[in-house]
Every structure is written in C-alpha cells, then in structure tokens.
Amino acid sequence: MLLSLNRMGPGRYALYSIGVLVALFLLFPILFIALLSFGSSQWLQFPPPGWTLKWYRDFFDDPRWIAAILTSLKVGLCVMALSIALGLPAAFALVRGSFPGRVALRAFFTSPMIVPIVILAIALYAVFLRLGLNGTFIGFVAAHLILALPFSIICIVNALEGFDEAIEKAAIVCGASKLEAICRITLPSIRLGIFAGALFSFLISWDEVVLGIFMASPSLQTLPVKMWTTLRQDLSPVIAAASTLLIVVTMAVMALAAFIRRRSEP
Amino acid sequence: MSSTAPVLVSIRDLVKRFGPTTAVDGVSLDVAQGEFLTFLGSSGSGKTTTLFIVAGFEDPTGGDVLIDGRSVLSVAPNKRNIGMVFQRYTLFPHLSVFDNVAFPLAVRRRPRHEIEQAVKETLALVRLEEFAARKPGQLSGGQQQRVALARALVYKPRILLMDEPLAALDKKLREEIQIEIRRIHRELGVTILYVTHDQEEALRLSDRIAVFSHGRVVQVGSGADLYERPADAFVAGFIGNSNFLPARVRGVDAERTAVELPNGAVVAGRTDSALASGGEASLMIRPEKLFLVNGRDAPDANYDCRVDVTLRDSTYLGDSLQREVVTPWGQCLMVRQTGDAEALSHAGTGAALTLCWHSGDARVFRKTAGSSAPRS
Ligand SMILES: Nc1ncnc2c1ncn2[C@@H]1O[C@H](COP(=O)(O)OP(=O)(O)O)[C@@H](O)[C@H]1O
Ligand SMILES: [Mg+2]
C-alpha cells in the first residue's frame, strides 16, 4: 500500500489521535443520552447525582409508549418485507433487462434519496389526504417504503451485478427451470445483498421522524414520533430511556448484519 | 471415430445475427455418436454462439439443430438433457462440491441414495472424491473446472458441450486436465463438442476439428487432414507452423501447379482449387518439409524444388535444429531439421545455402487476406 501506516513514522500517532477524537465526537451525544437515562435526576442533571432504572420502568408501564414501539416494529417489518418484495423484481429488471430507458429508470429509482424529505412529506400529505391514508397504518408503510425502496434496490442491484449470469445458465443446463434456477441458485448467491437491503429498509423506517410526523394521528404513532410529541410537552428522562432503547435496537440490527456477513464469508 | 457411427447432432445452415453483426454465418456440421469434435478458431469467430444455440441459450436467426434426427429448437434448454462446462467458473458458490454435483439429480427428483451413489462415482471419475465437503471458493481453478465437468456428467447426458473450459488455467495444468478429458471421453463414450482457440489443445483432444473463421466453418477434418491438406491459407496458418511464399501461377496440370517465385525460380506445389494462370498465389510449406544443403545437390531426386538462401540464424532445440534463412527477395523462412542435421551444423550466419523441398509437400493457395495469417 502506498499509504502504509507503519511507514509513516511518528505522524501516525497524530492520525490515531484524530481518529479517536472523531469517534468520540460522533459517540458523545449517544453516550450522554444513555447515561442520562440511568440518572436519578428528574431534571436531566449531568453528571447524574445517582443511578436508577425508574425511567425504564415508567416507559414500560406506559401503554402509549408500548403502543408506539409496537407500531414502529410492525411498520418496520412491513416496510422491510415490501421493500424486498418490490426491490427484487425491480433489480432483476434493471440488471438483466434490455428495454429502452433502463438507465434512466435506474436513476429515477434512486431519486427519493435526492428529494429533500420535507418536500416529500408535504407532497405525500397532500396526496394521502385525498386517498384518506393519513393517520393509517398503510399510509405509514407506504411513506416509509418510498424512502426504503431505493436502498434495497441499490443493494440488490449491486449484488446481482456481481453475480455471473453464466452460473444461472449452468443451473438451467443442469435441468432446472428458469424459476428453479433463480430460487435455488441466484437468490441464495445474492442473499447478502438481499439481507443488507432488508436491514437498511427496517432501519430507515425504524428511526424515520419527518414523514412520521405528517402521517401520525393521536392514536397511531411510531416511536420517534411519540418521542417528538412527548418532547414538545415536557422534557422527562423517559425520553432518554426511549432514545436509548431506539439506539439499542438499531445497534442490534447492525450487529446482526455484521454477524451474517462474517458467517457467510468462506 | 469410425465414419459408420450414426449421426447424433446435426447442425444445418445455422445463422445467428446480433443486430448488424453476423456471429454465425451458415454453419453445417454432423457430429457422430461418441465423437470428439472441436470448434477451433480465433476469438469472435462464432464458436460460443454456435455452442449456445445447441445448448438452447440462443435462438438461431436461421437454420436448425437436430439431435437424433429431431429438431430441438423448440425444446427448452433445461429439457435438452445436454451437459455443459463453461469458460468461466460457474460452480454454485453457496453449495458444497457434493451439492453442486448432486444438483442436476436433485432437480430431477432422483431418490437420495441414488444421488449419493452417482455423485460419489462421478467425483471419483474426476479424481476429487476427497473434496466433496469443500465450497467452490476453497478450490483451485483447475479443481473447479473438474467439479464443473463432474456436474455436467453426473446425469449421464449423451452430449457434452465444453466452451474453452481450460482457457483460464496455466499450461501445465491445462495439459493435465486434457489427459483427464481424453480418458473420460474414452471411458464414457459421450459425444463431445469442444471449443478452443488453442490449436495444440484441439489436435491433442479431437477426433475431428472444425476450423471457424468469421462465423463460418472453413474446414472440417482430423488433425492430420488439416495439417497435411489444409483447404486454404487460413487453415494452414492456424494449424501448425508454416511458411508462405508469394508466387505467380505459371502452369496447371493434373497433379501440380507450377508457380514462379519473386526471384524467377519456378517451383511447384499441389492444389485442390482451380487457379488461373498468371494469377497471384501463395505457396505454403511446413518448416519440417524444407531441407538445407551445401551447393546445388539435393539429397535425392524427390527434392525437385530449389531456392538459394542465406543463413541468418540457427537455434538448437534438442530434438531439432531450427534455422532462419533469408530468400533472395528478402523474406525470412523457418526451416526445422531433425535427424541428420550435423552435416551443416558448422555453417555460420551468412553462409550461402540451397533450400530444397519436394513439390508434393508444398501447397499452392489462391491469394487471400488469410495468406498473411500469423505464425502461431
Ligand atoms: N449477445 C450478443 N450480442 C451482440 N453480439 C454478440 C453477442 N454474442 C456474441 N456476439 C458477437 O458475435 C461474434 C461471435 O462471438 P462468439 O460466438 O462469442 O465468438 P467466439 O466464441 O468464437 O469467441 C462476436 O463478434 C461477438 O461480438
Ligand atoms: Mg467464446
């Protein structure tokens, strides 16, 4: 390697320090909120005068928080399933197809990543108002799906492009029908891309708040939306507990992704 | 393969166009049962496309493919019961070697004990029994292609297609696997259509070779046929080494065509096609059919053609002596001498010698673009 750390001499310690500082900078708010959620002070005093699990108890004793977390999980899982169910055929068409406008369509599929989310939220609000989807479960899923789909399509397209179609041909020559070859050979071979797309889709829905605020009704709120509305009323350490739980789930999903990746490497 | 074996695969007037390119341009071939037929040609000559049409991955623009006398064009590729080994590595990456080889039987819903038995036997055939539990990523390129061969043979297809399966391997490994392929062909009697751009590989493996050029089959025959009686300068240049001398046709009789070389010497060669007197032609002669002597005396009366040359270089190759000589018109020719080569071994660079050959060993071709085919 041209830029080898070992050949940089003392300069590398400067690099190490910068690395550690950046990591701390990124982690600090998360550590801060996690510590506060275990602190005994009502007023989010820092450093905490003592330690307690009271805020977590309050969180789990409140049916509205439980409802929010269940809604988030349900929406996330639905978004994940639909994002793969729609993303797979779309990716196959984009990679394998030879229809006119394929390249343009591919760019179009990634456009929700470019449009500012607030604009998307206002547009969806207007449309869903007509369709009567605001405040409904379907509305939530549809809105999050728009954000998640580009990610799952990109993940699957990349995996599919790295898969030699001759392998699928080999399966067909062996006697498998096209469908059988895709299900038994191609899909298992690109499973890492599919998993990555699924996990991304879940996470995008799991911590999405802007679209959620527009979609939510008093009786249907995802966890981030519930946190947002609670925050506007009072600043309670229960919010810190909710934040910590949100982050823990996110980290668990990321760890799962890393685990799957490591396991499937030969 | 004896010519009495029945025809198994018949390719008739096959044409395949991709937009403006004509990949296959009227190929007709009959392949006998149990035959090893090789498509030999440079890259882009339509070999893979022809093979893919036989496999069913491409539909021809025109023509037909018959197996056992019946057209298979309407048969889906997974129903043709043909085995195939591809140029690239195509093992299923997530399955073990055993499961890769078992796959064709699994999709045929064979009972488990039968699958196990067949996979074991086939892995033994390619000498990879002890690798059954490995994943493809843990195998070398040569091993992967042997597993691919086992996967293509395990369901006992009558026809095996191989598209440059050894192209990515180094020379030594290639030769090892060529020997394996020959043995397997002998043991199983399966009909093989093999694609390669390597003339040595084609000669080593095949019963017959079909030489491809620009989507056409230029000549079909055994290796000896192609070497001894090439149909044109392209085939002569592709199979083995050859010298091409520019020549003008002087006279044609039943057996020999007399041609005049650029220095005015009149020599002769055999020809199959009718040539017009006075026309431009090309005289082809193999390096080992040329003989160098001191003075004007040929070793025997059969060497009826002569040209004065200057020795430029000699290379000792153990079993032969390779010499480069320059003709009066400045062309460099290759001469390979075996056996009694010592007579001239003292001749140094610049020595004036006489090059002679037997007119029956030379061939006269019509002048074509192919007559400048590179020596391989
Ligand atoms: N799918 C395709 N689309 C367009 N052109 C193709 C396609 N497949 C092959 N060709 C063209 O057809 C010609 C023959 O190709 P191929 O059969 O692969 O040659 P070979 O196997 O002898 O190298 C080439 O000019 C190639 O570019
Ligand atoms: Mg090819």
Side-chain angles (χ1 to χ4, degrees), chain A residues 84 88 91-93 95-103 155-199 256-266, chain B residues 18-19 48 51-52 54-58 75-96 99-110 134-139 144-145 147-157 159-165:
Chain A
I84 296 306
L88 257 182
F92 267 87
V95 174
R96 300 272 179 91
S98 55
F99 49 92
R102 192 169 59 100
V103 177
C155 285
I156 300 171
V157 160
N158 284 344
L160 205 52
E161 274 176 341
F163 174 78
D164 190 345
E165 209 181 333
I167 297 175
E168 198 176 289
K169 282 206 165 78
I172 290 173
V173 143
C174 282
S177 67
K178 180 90 179 167
L179 185 69
E180 220 172 346
I182 288 177
C183 292
R184 295 180 69 159
I185 303 301
T186 309
L187 292 185
S189 301
I190 61 166
R191 66 193 183 287
L192 277 190
I194 298 175
F195 281 142
L199 295 179
L256 179 68
F259 178 72
I260 289 170
R261 187 158 299 248
R262 181 141 338 146
R263 269 284 302 277
S264 54
E265 270 162 14
Chain B
F18 294 105
T48 297
L51 210 63
F52 272 30
V54 174
F57 291 130
E58 301 280 3
V75 181
N78 60 323
K79 300 287 185 218
R80 291 194 186 185
N81 209 38
I82 288 176
M84 181 152 185
V85 181
F86 291 76
Q87 181 168 7
R88 291 181 301 215
Y89 301 136
T90 57
L91 293 187
F92 311 134
H94 61 295
L95 297 181
S96 68
D99 289 334
N100 263 278
V101 179
F103 183 80
L105 301 177
V107 297
R108 285 171 172 74
R109 317 245 184 275
R110 296 278 170 75
R134 297 242 191 133
K135 286 281 179 69
Q138 300 168 309
L139 299 179
Q144 289 195 44
Q145 288 305 64
V147 176
L149 182 59
R151 186 180 64 187
L153 289 172
V154 72
Y155 49 103
K156 306 207 169 12
I159 302 162
L160 177 63
L161 310 179
M162 301 177 90
D163 186 7
E164 309 207 27

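Every chain is numbered from 1 and lettered A, B, ... according to where its sequence line falls, protein lines coming before strand lines.
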Show me, pair by pair, the donor-acceptor contacts under 3.5 angstrom made by side chains of residues 83-92 of chain B, not counting sequence neighbours?
from, atom 1, to, atom 2, distance (Å)
B:Arg88, NE, A:Asp164, OD2, 3.0
B:Arg88, NH2, A:Asp164, OD1, 3.2
B:Thr90, OG1, B:Arg151, NH2, 3.1

Heavy-atom proximity to chain B below 4.5 Å, by part of A:Ala181: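 Looking at A:Ala181, nothing touches chain B.
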Heavy atoms only: give me the nearest A:Ile172-B:Phe57 pair and the separation to one decimal.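 Nearest heavy atoms, A:Ile172 then B:Phe57: CG2-CE2, 4.1 Å.
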Give the minimum heavy-atom separation between B:Val107 and A:Cys174, together with the two atoms involved. CG2-O, 3.7 Å
According to side chain to side chain contact (heavy atoms under 4.5 Å, CB included), who are the partners of A:Ala91, at least two apart in sequence or on a separate chain?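 By the side chain to side chain contact (heavy atoms under 4.5 Å, CB included) rule, A:Ala91 matches A:Ile156, A:Val157.
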For chain B, which residues from residues 182-189 of chain A lie under 4.5 Å away (heavy-atom distances)? A:Arg184, A:Ile185, A:Pro188, A:Ser189
Inter-residue atom distance A:Leu192.CG - B:His94.NE2, 0.5 Å rounding: 12.0 Å
Return each pair, listed once, that meets side chain to side chain donor-acceptor pair (under 3.5 Å) where at least one residue sits in residues 171-183 of chain A; pairs must be two or more places apart or across chains. A:Glu168-A:Lys178
